[in-house]
Amino acid sequence: MPKYDPAEIEPKWQSFWEEKGMFKTPQYSELPKYYMLVMFPYPSGTMHVGHVKNYVIGDAVARYKRMCGYNVLHPFGYDAFGLPAENAAIERKIHPHDWTMKNINTIRGQIKKLGISYDWDREVITCVEPYYKWTEWVFLKLYEAGLAYKKKAAVNWCPKCMTSLANEQVKDGKCERCDTPVTIKHLEQWFFKITDYAERLLKNLDKLTGWPEHVKTMQRNWIGESKGARIRFKVDGSEMQIEVFTTRPDTLWGVTFMALAPESPLVEQLVLPELHRELEKFLEKVGQQDRFRRGAADVEKEGFFTGRYVINPVNGERVPIYVANYVLMEYGTGAVMGVPAHDQRDYEFASKYSIPIRQVIKPAQDVVAGKAYDGPGLMINSGELTGTPVPEGMEKVLSWLEEKGLGKRAVQYKLRDWLISRQRYWGAPIPIVYCDHCGIVPVPEKDLPVKLPYNVEFLPTGQSPLMLSDEFRKTTCPKCGRPALRDADTMDTFVDSSWYFLRYVNPLLNDAPFIKKDVDYWLPVDQYVGGVEHAILHLLYSRFITMVLHDLGYLSFDEPFENLFTQGMIYKDGAKMSKSKGNVVSPDDMVEKYGADTLRLYILFMGPPEKDAEWNDSGIEGVHRFIKKAWTLIDQIISMPDRENGQLTQQEKELRRKLHSSLKKITQDMEGGFKFNTAISSLMELTNTVSDYMEKIPQENWNISVLKEFAEKFLLMISPFAPHFAEELWHRMGKNTSIMKEKWPVYDPDALIVEETEIAVQVNGKIRDRIKVPVDAGQDEVLKLALSSERVRKFVDGEPKKVLYVPNRLLNIVL
RNA sequence: GCGAGAGUGGCGGAACUGGCAGACGCGCUGGACUUAGAAUCCAGUGGGUGAUGAAUCCGUGUGGGUUCAAGUCCCACCUCUCGCACCA
């Protein structure tokens, strides 16, 4: 009997699958399509088992769906441009291109050793010309649609990466990639107008029923919709007006001051001349406050009185205008009406500067003093509306304002436009030319790609490296032909990854990014698998770009991902795996030690795949024991010559029942969504049952045909998880087709039928005995059987008050 | 503070619409095989009382409740994880 030797069988089947082109996906087929997508990796190093988890999950689904009769698209690629790879390359004094390509080769090799069934003909690499040409095209399309624009703005700047960053790439005031505190720079940069899609991005979330709730919540929070009103206040003694946004127009009567953001252009215009010098001092002080620190609730409120007043439109009151550090220029109008009684921030501010605090909402119960009250109640001190309950009053105020032309209903979002310019080398060039005569000129589509030159001093200096390359920068204006300069910035990596799932459909196409008919056939993605860390970055950007391309007529769908699954991370010694911590588990080492199938099985068996899991060296040992045991068992079974058996004995029936109930259960686990851990435990149970049978029954009495039925179905069921193992034994069984081409087995309902079943007998809700009863026996019969049990009778004293019977499960005798 | 999710043996985790808590795996204990180890196999393994048996009680974060029956439903609370957080 040959030993289980993955080192021998795994490479053999990997070449077999490759030579026969078994992973290739036909572009069209009679079969229903299924697009199984995993988030492609940054090739910034080698992979650890945490990355592998994503691909193993995807492969299990892809292989299962193929067996269920789908035409499955299961592609792979590399998010190859961008900071992570570039920073790593610089650290090693290697050119980012060379470093990236080297890593891609390594990763591809690592994945091939795992037997993941990717259609390698469709591999996509974002940093090669045939790809980034079309990333540039995406930019042009947005530009043409007025959705890409350039403006000078205060932008997030990472001093270490020496580039600007999108809001989404700043976490807790730090650079998402390197954790360096982010500062502010005033730069002229390109933005994508994602805010135009804020409402749609939010609304569509309700349609995405196949997305986890927490991801949708995160996106909702990020988009941050607030409904309220924009209201204009007249400046006293002037024609000027100040507009504010508020969610609480019902508290208008409680306004006792007005506050402007320090950056507001109104500040200069309004301040009394004699206060100018003092204002300068104040602005300087506030300007030094870190923008992200300023945005924290525990920062002391600071204000400056401009000496001017506004008139409250509802009651004609004159209230002072302040400049306040807690008012943000980027949100709303950069001006806030101060209602200290009903807003905590206004309350703190008013207390500090002795501004009156006037209550205009009366809560149903007394509330804590020293705090603003922002709950429901009755309007008071509010003129005609005094006595009106809040929701109704809100409507009345809004109508009144609109009638008088003083304000209007408004929706405000937190989402800002997407800053896509990066002052770095390793990215897709922005296809824009600056001409002294024609101004900003887009590069015509026929001239794409604007090539990223290889020989450039790429070290980050804070200035775009491409600025230093005359060869790159100097060009002629596409419009007038005079000398002109190219934009020297490159695009954010997230632009590359916001459309890659479309490119897999026609990866080799030269004259277009994709073919509409093909994309409409394959998309939306049926199942997307990846990490939660992309909940708002990649997943929001991809949705946005898809909507834009849809609106421009390039796509027939406006949401790219129908179902999303976010897998948990793998930890080691309580921490994320990282080279610096030295707790990395390499898939190569595991493949060498146990084989790819064991690694795949273990990753899926660790726990529910959406949860984080701790890597355990003896855990993988246990799975390895299981696969060896199954190997020995099946190898033994398939070497037995067939023989006739008569009627099935009781044990043989039991065995078949276990087989078919496992099949039913595992199918449910696969269909019910990603319950690989329990599916594999069912395979283990089944193996144990068969092994017990073979041990207890003398060999000459074994029912070979039942055992062979087990072997065949078992191999089919395990093949999405452990494909090499399954393929090898499948062929040893004498089959000459690949197990990949087989149908997922269907359980035999007849095999599940039993004559007798065990039920629990309770007395007053407590289990007292377990008895065997005929299946579907009536209550009377079961009760009679139960009462004949000594253990039950002991507790039954007198007539039962009530008897409850759950057929085939449980009988409860209540006294 | 707001929002989302989770608390089950020594550990990872099972448990369908309320119906036998702890499947499966790890670990541990004892045993077989072996000169020995590795590997493999067998038995046991939530806690208590009891004698190792029979038996019996307690047990799913805490406290209440609904129910014949609660890990599962309801109310209150505690703890942890994640996300957001001066967004007017």
Side-chain angles (χ1 to χ4, degrees), chain A residues 3 171-172 212-222 224-226 228 244-248 251 259 261 293-301 324-328 330-339 342-346 348-349 374 412-416 532 535-536 601-602 605-608 610-623 625-626 628-629 632 665 668 672 675 677-688 691 695 758-770 791 794 800-815:
Chain A
K3 245 185 73 193
K171 295 232 151 158
D172 300 324
E213 211 45 57
H214 68 279
V215 173
K216 289 195 277 185
T217 306
M218 280 162 77
Q219 291 211 354
R220 281 190 192 105
N221 287 342
W222 188 260
E225 184 187 63
S226 296
V244 298
F245 172 77
T246 178
T247 52
R248 293 296 303 273
T251 62
R293 284 295 307 147
R294 212 178 102 195
D298 55 1
V299 169
E300 173 85 19
K301 307 261 177 301
N325 64 342
Y326 73 94
V327 181
L328 306 173
E330 310 85 46
Y331 185 77
T333 62
V336 170
M337 62 181 217
V339 186
H342 306 293
D343 181 284
Q344 187 57 25
R345 297 152 298 179
D346 297 348
E348 286 165 25
F349 189 81
D374 58 6
Q412 179 67 43
Y413 297 96
K414 280 195 242 179
L415 185 72
R416 316 274 158 79
V532 234
I536 33 190
L601 276 170
Y602 175 56
F605 182 65
M606 287 177 91
E610 68 276 16
K611 280 188 64 183
D612 292 341
E614 173 81 23
W615 181 271
N616 182 343
D617 287 326
S618 39
I620 193 169
E621 295 272 359
V623 172
R625 275 200 279 276
F626 157 65
K628 280 193 289 188
K629 183 175 177 177
T632 312
K665 165 90 170 84
Q668 279 169 357
K675 293 186 183 159
N677 55 329
T678 50
I680 292 167
S681 78
S682 299
L683 289 172
M684 288 171 168
E685 273 184 71
L686 177 59
T687 308
N688 293 343
S691 141
E695 196 177 307
E758 193 183 75
I759 67 157
V761 180
Q762 297 182 328
V763 178
N764 284 336
K766 287 195 173 170
I767 303 285
R768 293 304 176 186
D769 201 4
R770 297 177 169 105
R791 300 154 81 135
K794 210 161 99 182
K801 207 164 89 194
K802 199 168 162 191
V803 176
L804 287 121
Y805 177 53
V806 184
N808 303 326
R809 273 179 186 274
L810 158 146
L811 180 81
N812 189 6
I813 303 167
V814 185
L815 297 175

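Below, read A as the first sequence line, B as the second, and so on, with proteins coming before strands; counting in each chain starts at 1.
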Write down the distance separating the [atom1] atoms in [N] and [M], rounded off to the nearest Å.
{"N": "B:A69", "M": "B:A55", "atom1": "P", "answer": "25 Å"}
{"N": "B:G61", "M": "B:A6", "atom1": "P", "answer": "13 Å"}
{"N": "B:A23", "M": "B:U34", "atom1": "P", "answer": "33 Å"}
{"N": "B:G71", "M": "B:G63", "atom1": "P", "answer": "14 Å"}
{"N": "B:G53", "M": "B:A70", "atom1": "C1'", "answer": "33 Å"}
{"N": "B:G22", "M": "B:G30", "atom1": "P", "answer": "26 Å"}
{"N": "B:C73", "M": "B:G1", "atom1": "P", "answer": "26 Å"}
{"N": "B:C11", "M": "B:U45", "atom1": "C1'", "answer": "14 Å"}

Which nucleotide in the list [options] gets nearest to the side chain of [X]?
{"X": "A:F605", "options": "B:G19, B:A88, B:G25", "answer": "B:G25"}
{"X": "A:D343", "options": "B:C24, B:A88, B:C20", "answer": "B:A88"}
{"X": "A:P608", "options": "B:G19, B:A14, B:A88", "answer": "B:A14"}
{"X": "A:Y331", "options": "B:C84, B:A88, B:C41", "answer": "B:A88"}
{"X": "A:L810", "options": "B:C68, B:A88, B:C20", "answer": "B:C20"}
{"X": "A:S618", "options": "B:G27, B:C20, B:G3", "answer": "B:G27"}
{"X": "A:N677", "options": "B:C24, B:A14, B:C68", "answer": "B:A14"}
{"X": "A:E695", "options": "B:C84, B:A88, B:C42", "answer": "B:C42"}
{"X": "A:R625", "options": "B:U40, B:A88, B:C24", "answer": "B:U40"}
{"X": "A:T247", "options": "B:C84, B:A88, B:C20", "answer": "B:A88"}

Should [X] be listed as having a side-chain N or O under 4.0 Å from OP1 or OP2 of [N]?
{"X": "A:N221", "N": "B:A85", "answer": "no"}
{"X": "A:T678", "N": "B:G13", "answer": "no"}
{"X": "A:N688", "N": "B:A23", "answer": "no"}
{"X": "A:K611", "N": "B:A6", "answer": "no"}

Euclidean distance, atom [atom1] of residue [X] to atom [atom2] of [N] [Å, nearest integer]:
{"X": "A:Q344", "N": "B:C2", "atom1": "CD", "atom2": "P", "value": "13 Å"}
{"X": "A:W615", "N": "B:G25", "atom1": "CH2", "atom2": "P", "value": "18 Å"}
{"X": "A:L328", "N": "B:C86", "atom1": "CG", "atom2": "C1'", "value": "7 Å"}
{"X": "A:D617", "N": "B:C26", "atom1": "CG", "atom2": "P", "value": "14 Å"}
{"X": "A:E213", "N": "B:C84", "atom1": "CD", "atom2": "C1'", "value": "16 Å"}
{"X": "A:K629", "N": "B:A39", "atom1": "NZ", "atom2": "C1'", "value": "15 Å"}
{"X": "A:I680", "N": "B:C24", "atom1": "CD1", "atom2": "P", "value": "15 Å"}
{"X": "A:R809", "N": "B:U17", "atom1": "CZ", "atom2": "P", "value": "11 Å"}

How long is the gap from [atom1] on [X] to [atom2] on [Y], to the nearest 0.5 Å?
{"X": "A:D769", "Y": "A:L811", "atom1": "CG", "atom2": "CG", "answer": "11.0 Å"}
{"X": "A:F349", "Y": "A:K301", "atom1": "CZ", "atom2": "NZ", "answer": "9.5 Å"}
{"X": "A:K665", "Y": "A:L683", "atom1": "NZ", "atom2": "CG", "answer": "10.5 Å"}
{"X": "A:L810", "Y": "A:R770", "atom1": "CG", "atom2": "CZ", "answer": "10.5 Å"}
{"X": "A:N688", "Y": "A:S681", "atom1": "CG", "atom2": "OG", "answer": "10.5 Å"}
{"X": "A:F605", "Y": "A:I680", "atom1": "CZ", "atom2": "CD1", "answer": "7.5 Å"}

> Should A:T251 and A:V339 be marked as a side chain to side chain contact (heavy atoms under 4.5 Å, CB included) after you check the CA-CA gap, both sets of side-chain angles, and the distance that decides it?
Replying inline: CA-CA 7 Å; A:T251 62; A:V339 186; 3.6 Å; yes

With both distances under 3.5 angstrom, what nucleotide forms a Watson-Crick or G-U wobble pair with [N]?
{"N": "B:U49", "value": "B:A55"}
{"N": "B:G71", "value": "none"}
{"N": "B:A43", "value": "B:U29"}
{"N": "B:G3", "value": "B:C82"}

> Under 4.0 Å between a Lys/Arg side-chain N and an Asp/Glu carboxylate O for A:E330 and A:K414?
Replying inline: no

>> For a quick test of reading the model, state the closest non-hydrogen atom pair linking A:A259 to A:Y326 and the distance between them.
In response: CB-OH, 4.5 Å

>> On a heavy-atom basis, which atom in A:M218 and which in A:A535 lie closest, and how many Å separate them?
In response: CE-CB, 3.5 Å

> Could you run down nucleotides 55-60 of chain B 5' to 3' and tag each one B, S or - for protein heavy-atom contact under 4.0 Å?
Replying inline: SSSS--

> Want to settle it: does A:D612 or A:I767 sit nearer the 5' end of RNA chain B, counting the closest nucleotide to each?
Replying inline: A:D612

>> Reading RNA chain B from 5' onward, which residue's closest nucleotide shows up sooner: A:V336 or A:N616?
In response: A:N616

>> Can you confirm whether or not the ring centre of A:Y413 sits under 6.0 Å from the ring centre of A:W222?
In response: no

> Touch check for A:G622, heavy atoms < 4.0 angstrom, all strands: base, sugar-phosphate only, or nothing?
Replying inline: sugar-phosphate

>> Checking understanding here: a glycosidic angle within 90° of 0 is syn, the rest anti, so what is B:G61?
In response: anti

